[in-house]
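Below is one structure, written out as structure tokens; the observations come after it.
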Amino acid sequence: MPFPFHPAGDDPVPAAVRGFARAHADLVVLHEDPIHLVARHRAPGRRVGLVSGGGSGHEPLHAGFLGRGMLDAVAPGPVFTSPHNKAVLHASRAAAGPGGVVHVVKNYTGDRINFGIAAERLRMEGVDVARALVDDDLATDGLDTATGRRGTGATVVVEKILGAAADTGAGLAELATLGADVAAASRSLAVASRAQTSMRTGEPAFALDGRLDYGVGIHGERARRSVDRPPTEELVDRMLDEVVAGLPDGPDQVVLVVNGMGGTALLELYVLAELAAAGLEARGLERVGLLVGTFVPALDMAGFSFTLTRMSPEWTGLWAAPAQTTAFPRTETS
């Protein structure tokens, strides 16, 4: 059984966070009680701090997007589990600027509760707080649930655009509105051909028997349906049809994120990116940004997701602005 290479015990996160901070000590500072990470560098004009976080197992989200041009602090939780509100509170205290702090929160019950508790405590301390809620997953659109659409791949887009806007000196209300608008303009859909490996058994968390889980979640949540695996070209067309149809009306310019779910090779992801880019062009959409790689995985799940964000003209420059992080493929220019 292919057990993960984790240290003895049940929780690999503390050792992994230490290893991340050791490898990227030029960019991040680790605080261990409670665990949170803070960016070493931020733009001088930034007045509002940006904080995100969530369960581990989705690396590089969120710590990989920590740094100038993106996030100021992150609170990682246990695998597939929200960070404790105390960790969010400490991360937010470290990140807050004179204009306050914005929380970028994926739409899951635990994240909403713990970030909400931290926000209440910050307000009691006199810190202004706003929230940008990311809820882009088409697979949970329309389900009769209390939370609605899950937050998935669009989190990276929201964090990038908000980070660039924060660097220009944007205020709390402006950033909260921008975050809500970018999230509302984004939709994602994921498929899996193999589940993530269970840390308890070393086996796939669920069996697919040669089929695809169509609409799988980033915590290994089963899709509403499994489908026979079509040729890749047909699969891409089907997914693009659904994601494009799910977008709100607006400009014909989009950012495309082709995201690996953890066990998908770059060779495959670039094939998918090429097919998807051609598919968008055939649908009359202009691609103004393309991000390809593993950004929001579900441990080692074999699969991928497409995220599309319908871009307002003023967002394009924010998307293209430089960032200094470990995972976003755009660095400071000389």
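Because the structure is predicted, anything quoted here is derived from the model rather than measured.
Residue F306 is grouped with residue L266 when hydrophobic side chains (ILVMFWY) are merged at heavy-atom distances under 4.5 angstrom, including chains of intermediate members. Using a 4.5 Å cut-off between side-chain heavy atoms of Ile, Leu, Val, Met, Phe, Trp and Tyr, with links allowed through other members, I35 and F20 fall into the same hydrophobic cluster. Residues L269 and L280 share a hydrophobic cluster, clusters being chains of Ile/Leu/Val/Met/Phe/Trp/Tyr side chains in contact below 4.5 Å. A single hydrophobic cluster is seen to contain both L66 and L175, as judged by linkage of ILVMFWY side chains at heavy-atom distances under 4.5 Å, directly or through other members. Hydrophobic cluster membership differs between V38 and V101, with clusters built from Ile, Leu, Val, Met, Phe, Trp and Tyr side chains linked at under 4.5 angstrom.
Remark: the S188 side chain and the D137 side chain contain no N/O donor-acceptor pair separated by less than 3.5 Å. No side-chain donor from either of T326 and H24 sits under 3.5 Å from a side-chain acceptor of the other.
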| said: Please evaluate residues T140 and R149 with respect to the criterion side-chain contact (heavy atoms from CB on, under 4.5 Å), reporting the C-alpha separation (whole Å), side-chain torsions for both, the decisive distance (0.1 Å), and the verdict. | reply: CA-CA 5 Å; T140 44; R149 290 189 303 265; 4.1 Å; yes
| task | Take L122 and H103 through the test side-chain contact (heavy atoms from CB on, under 4.5 Å) and record every step on the way to the result. | result | CA-CA 12 Å; L122 288 164; H103 289 163; 4.0 Å; yes
| request: Go through the steps to decide whether H62 and K106 satisfy the test side-chain contact (heavy atoms from CB on, under 4.5 Å), and finish with yes or no. | output: CA-CA 11 Å; H62 293 273; K106 300 188 300 302; 2.9 Å; yes
| message | If you apply the rule side-chain contact (heavy atoms from CB on, under 4.5 Å), what do you find for K160 with F65, and how did you get there? | response | CA-CA 8 Å; K160 177 63 185 70; F65 306 114; over 6 Å; no
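Using a 4.5 Å heavy-atom cutoff, the side chains of L133 and R112 are in contact. A 4.5 Å side-chain heavy-atom check between M261 and V191 finds every atom pair outside the cut-off. Contact annotation: the side chain of W319 approaches that of L291 to within less than 4.5 Å [non-hydrogen atoms, C-beta and beyond]. The side-chain heavy atoms of F328 and E159, taken from C-beta on, include no pair separated by under 4.5 Å.
Side-chain atoms of E221 come within 3.5 Å of backbone atoms of H219 as a donor-acceptor pair (strictly under, hydrogens ignored). Side-chain N or O atoms of N259 include none that pairs as donor or acceptor with a backbone N or O of S305 at under 3.5 Å. The backbone N or O of V104 lies less than 3.5 Å from a partner atom in the side chain of S52, making a donor-acceptor pair. With hydrogens and angles disregarded, a donor-acceptor distance shorter than 3.5 Å links the side chain of S92 to the backbone of V88. Put simply, the side chain of T309 never gets that close to the backbone of V254: no donor and acceptor are under 3.5 Å apart. Judged purely by atom type and a 3.5 angstrom limit, E268 uses its side chain to pair as donor or acceptor with the backbone of A265. One N or O on the side chain of E59 and one on the backbone of G57 form a donor-acceptor pair closer than 3.5 Å.
A parallel orientation is assigned to the rings of H36 and H31, their planes being inclined by less than 30° (bins at 30° and 60°).
When the shell of 6.0 Å around CZ of R121 is examined, it contains 12 or fewer heavy atoms from other residues, nucleotides or ligands. Sparse packing is recorded around CD of E281, with 12 or fewer heavy atoms of other residues, nucleotides or ligands lying under 6.0 Å away. Within 6.0 Å of the CZ atom in R229, the count of heavy atoms belonging to other residues, nucleotides or ligands does not exceed 12.
A salt bridge links E32 and R18; the closest N-O separation between the charged side-chain nitrogens and carboxylate oxygens is under 4.0 Å. A salt bridge does not link R283 with D252: none of the charged nitrogens is closer than 4.0 Å to a carboxylate oxygen. Ion pairing between a basic and an acidic side chain is recognised when a charged N comes within 4.0 Å of a carboxylate O; R211 and D228 show such pairing.
With V157 as the fixed residue, the side chain to side chain contact (heavy atoms under 4.5 Å, CB included) test singles out one of L162, L308, V257: V257.
For the pair R222 and F206, the distance from NZ or CZ to the six-membered ring centre is under 6.0 Å and the angle to the ring normal is within 45 degrees.
Every residue meeting the side-chain contact (heavy atoms from CB on, under 4.5 Å) condition with A302, not counting sequence neighbours, appears here in chain and number order: S193, R194.
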